[in-house]
Amino acid sequence: MKTKLRIFGLVLLMLTFFTVTAFAAEEGGSPYGALSLLPPLLAIALAFLTKQVILSLFLGIFSGVMMLNGYNPFISFLRTLDSYILGSLADGWNAGIIIFTLSIGGMIGIIGKMGGTKAIAEALAKKAQNARSAQLATTLMGILVFFDDYANTLIVGPTMRPLTDKMNVSREKLSYIVDSTAAPVAGMAFISTWIGYEIGLIADVFTGMGIEGNFFMVFLSTIPYAFYNIFTLVLIYNLILQGRDFGPMYDAEVRARTTGKLLADNAKPMSNLDTEDFADKREIKLQVSNAVVPIAVLILATFFGLWYNGWVLGEGDILFSDIRGCFGNADASVVLIWSAVLGSIVAGVMAWARKIMNVGEVLDSWVDGCKSLLITCIILILAWSIGGVVGDVGTADFLIQVVSTTVPAILLPILVFGISCLVAFSTGTSWGTMAIVVPLAVPLATAYVTGDPTTSPLVLATLSAVLSGSIFGDHCSPISDTTIMSSMASGSDHMDHVKTQIPYALTGAAFAMISYLIVGFIESFAGDMLGLAFGFIGIYIFVKLVGKKTD
């Protein structure tokens, strides 16, 4: 009965969509007006309604392509396949991330067959005696792998999953911790794959207004105003240290603690790289080095690879000693392939040298690991495809046009933060949101100040509101690639991850909005301190009052 109702609801939703598109195609200031919201909203709504992420994303893409091709279903179906799905995979960056993801799966497949994941879980379990310490260890590792959000997600999730599984931490909670220490951390790190992009946007907008300055220092000055990123980490630590949860996450944690069920009964995990599935059935001497060495090689290769690659691509304009410049200029997708393949080779050589597997078994284990991430790769391709569609139909432009009007200076940071959150959640991309909103928000904030805008608290807060608001969407949107990869790396059902994480993301965003309002009212450097103090104290009290004990 439920299945029939869902199918009926899906058909009704699609009929409503096509009816609306027929009558409202020309409304609004952008070419498609309010209809530009339909592709992402359709994909998100259907994903929540049906839990069929692949189908939901495909229909979202198709609806947007219908707009772009005069509502001709045949032509739109062809363009969906060749221009957007094939086009997204043909992109060099996207193709690199797919190869990296598959290679990571292959490496973990070999490590699992060697008993490495089981060994590291047992070793960590001696230090982490309960769920709280396991979650703290996961959070700490997520912060330590700060230099790239993709590397963070795909290293921390598989490494810490055996430990959190043993301590009966739900997969939903693990994926939340993994996701929350990826983009929010990389977006603030002094040395990361993000910093070059962020500083480039800052430099472009200021130089475009005829303003020169040290734009790296401008970026550093925005960090105290990155309220969403900071409060995301504050919330994690409060939840763990107080042993409390709320919303759907509380139900997931109670289920895991009381029944040992790490996943809901109807869950469809994004990967099946579980220890038991990939464990070799022979008697194998468990050695932590079987996992630690390949993962350490992966981390070190990524770190030094970004340094080297950025220097090479600089073609003499960037000194090798300028590590920040090298990281900012590096092509992360290429470096991640290097590191994942090198880690796979090291894992395979160790398995062969220690006579755990022969060469054929090593290759079979690597291929099995890759196969387990096939669904993840399909969803990633579809997520990138819908990102291309929402860009072509002008979703972000419409949102900005509707929301942004002349406002008092005190409301500017909070308004810009809200716009950035909406755009990023709808499009699933933080970098795309930054590229759209930064050139609009910074000149607007500059018009309110006298003197040097690169040192103005209002301008810095507005700029930071864009950067951190963009990460909100990347952090919790079901069509965001990092959200998808967090589900995969943690072995969680994707929509279960999204549903349990959104209340926490909204909590951090709500405290961030109030802090931006404080900054707008005070308009001095004391504003960021008061905003941070409000968030730290407010989140502690909020978790204390709203959260329920799970320990």
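None of these values were measured; they are calculated from a predicted model. By convention here, the first residue in the shown sequence is residue 1.
The side-chain hydrogen bond (donor to acceptor under 3.5 Å, both in side chains) with K261 is formed by just one residue from the set T258, D265, T259; it is D265. Residue L382 forms a side chain to side chain contact (heavy atoms under 4.5 Å, CB included) with just one option from I484, I54, I479, L55, and that option is I54.
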Please tabulate, for the side chains in residues 231-240, all donor-acceptor contacts under 3.5 angstrom to protein atoms that are two or more places apart in sequence or on a different chain.
residue : atom : partner : partner atom : Å
T232    : OG1  : Y228    : O            : 2.8
N238    : OD1  : Q242    : NE2          : 3.1
N238    : ND2  : V234    : O            : 2.9

Mind listing the side-chain donor-acceptor pairs of residues 531-541 below 3.5 Å, one per line with the distance, residues two or more places apart or on another chain?
none

For this session: Using the side chain to side chain contact (heavy atoms under 4.5 Å, CB included) rule, take V519 and I414 through it: C-alpha gap first, then chi angles, then the decisive distance, then the call.
Result: CA-CA 9 Å; V519 171; I414 188 174; over 6 Å; no
For this session: Could you walk me through whether S175 and S486 pass the side chain to side chain donor-acceptor pair (under 3.5 Å) test, one step at a time?
Result: CA-CA 6 Å; S175 56; S486 296; over 6 Å; no
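Side-chain N or O atoms of D493 include none that pairs as donor or acceptor with a backbone N or O of A267 at under 3.5 Å. A distance-only check finds a donor-acceptor pair linking the side chain of Q135 to the backbone of A131 [under 3.5 Å].
Distance OG/S464 to CZ/F219: 8.5 Å, rounded to 0.5 Å. Interatomic distance, OG of S490 versus CZ of R171, reported as 8.0 Å (0.5 Å rounding). Between the CG atom of D481 and the OG1 atom of T153 there is a distance of 9.5 Å, given to the nearest 0.5 Å. The structure places OG of S480 at 7.0 Å from CG of D179, a figure rounded to the nearest 0.5 Å. Distance check, rounded to the nearest 0.5 Å: CE of M188 to CD1 of I143 gives 8.5 Å. To the nearest 0.5 angstrom, S426 atom OG is 5.5 Å from L41 atom CG.
Applying the salt bridge (charged side-chain N to carboxylate O under 4.0 Å, His left out) test to R244 and every residue at least two apart in sequence or in another chain returns nothing. Judged as a side-chain contact (heavy atoms from CB on, under 4.5 Å), and not counting sequence neighbours, the contacts of S221 are L460. Judged as a side-chain contact (heavy atoms from CB on, under 4.5 Å), and not counting sequence neighbours, the contacts of P224 are D528. Legend: residues meeting side-chain contact (heavy atoms from CB on, under 4.5 Å) with K548, ordered by chain and number and at least two apart, are Y250. For A441, the side-chain contact (heavy atoms from CB on, under 4.5 Å) test picks out V416, V437, T462, V466, with sequence neighbours left out. Annotation: side-chain hydrogen bond (donor to acceptor under 3.5 Å, both in side chains) contacts of S477 (sequence neighbours excluded): none. Considering only residues two or more places apart in sequence or on other chains, T138 meets the side-chain hydrogen bond (donor to acceptor under 3.5 Å, both in side chains) condition with none of them. Residues meeting the side-chain hydrogen bond (donor to acceptor under 3.5 Å, both in side chains) test with E253, sequence neighbours left out: S170, R257. Taking K549 as the reference, nothing meets the salt bridge (charged side-chain N to carboxylate O under 4.0 Å, His left out) condition, with sequence neighbours excluded.
Across every non-hydrogen atom of S470 and S430, the tightest pair is O-CB, 3.3 Å. For the residue pair R161 and G491, the shortest heavy atom distance occurs at NH1-N, 2.9 Å. In terms of heavy atoms, H494 sits closest to S487 at ND1-OG, 2.9 Å. The two atoms that bring V169 and L174 nearest to each other are CG1-N, 4.4 Å, heavy atoms only. Across all their heavy atoms, L46 and S56 have their closest contact at C-OG, 3.1 Å. Between I386 and A43, the closest heavy-atom pair is CD1-CB, 3.6 Å.
Side chains of I61 and P39 form no contact here, defined as non-hydrogen atoms less than 4.5 Å apart. Annotation: side chain of I177 is not in contact with side chain of V156 (no heavy-atom distance under 4.5 Å). With a 4.5 Å cut-off on side-chain heavy atoms, P478 and F425 count as touching. Between P503 and P248, some side-chain heavy-atom pair lies under the 4.5 Å cut-off. No side-chain heavy atom of T455 sits under 4.5 Å from any side-chain heavy atom of V218. Looking at heavy atoms from C-beta onward, V459 lies in side-chain contact with V449 at the 4.5 angstrom threshold. With contacts defined as side-chain heavy-atom distances shorter than 4.5 Å, the pair L38/L35 qualifies. With a 4.5 Å cut-off on side-chain heavy atoms, P457 and Y225 count as touching.
Sorted by first and then second residue, the pairs that involve residues 502-519 and meet side-chain hydrogen bond (donor to acceptor under 3.5 Å, both in side chains), not counting sequence neighbours, are D245-Y504, S468-Y516.
In this model, a donor atom of one side chain and an acceptor atom of the other lie less than 3.5 Å apart for H475 and S180.
Taking the charged nitrogens against the carboxylate oxygens, D251 and R255 have no contact shorter than 4.0 Å, which rules out a salt bridge.
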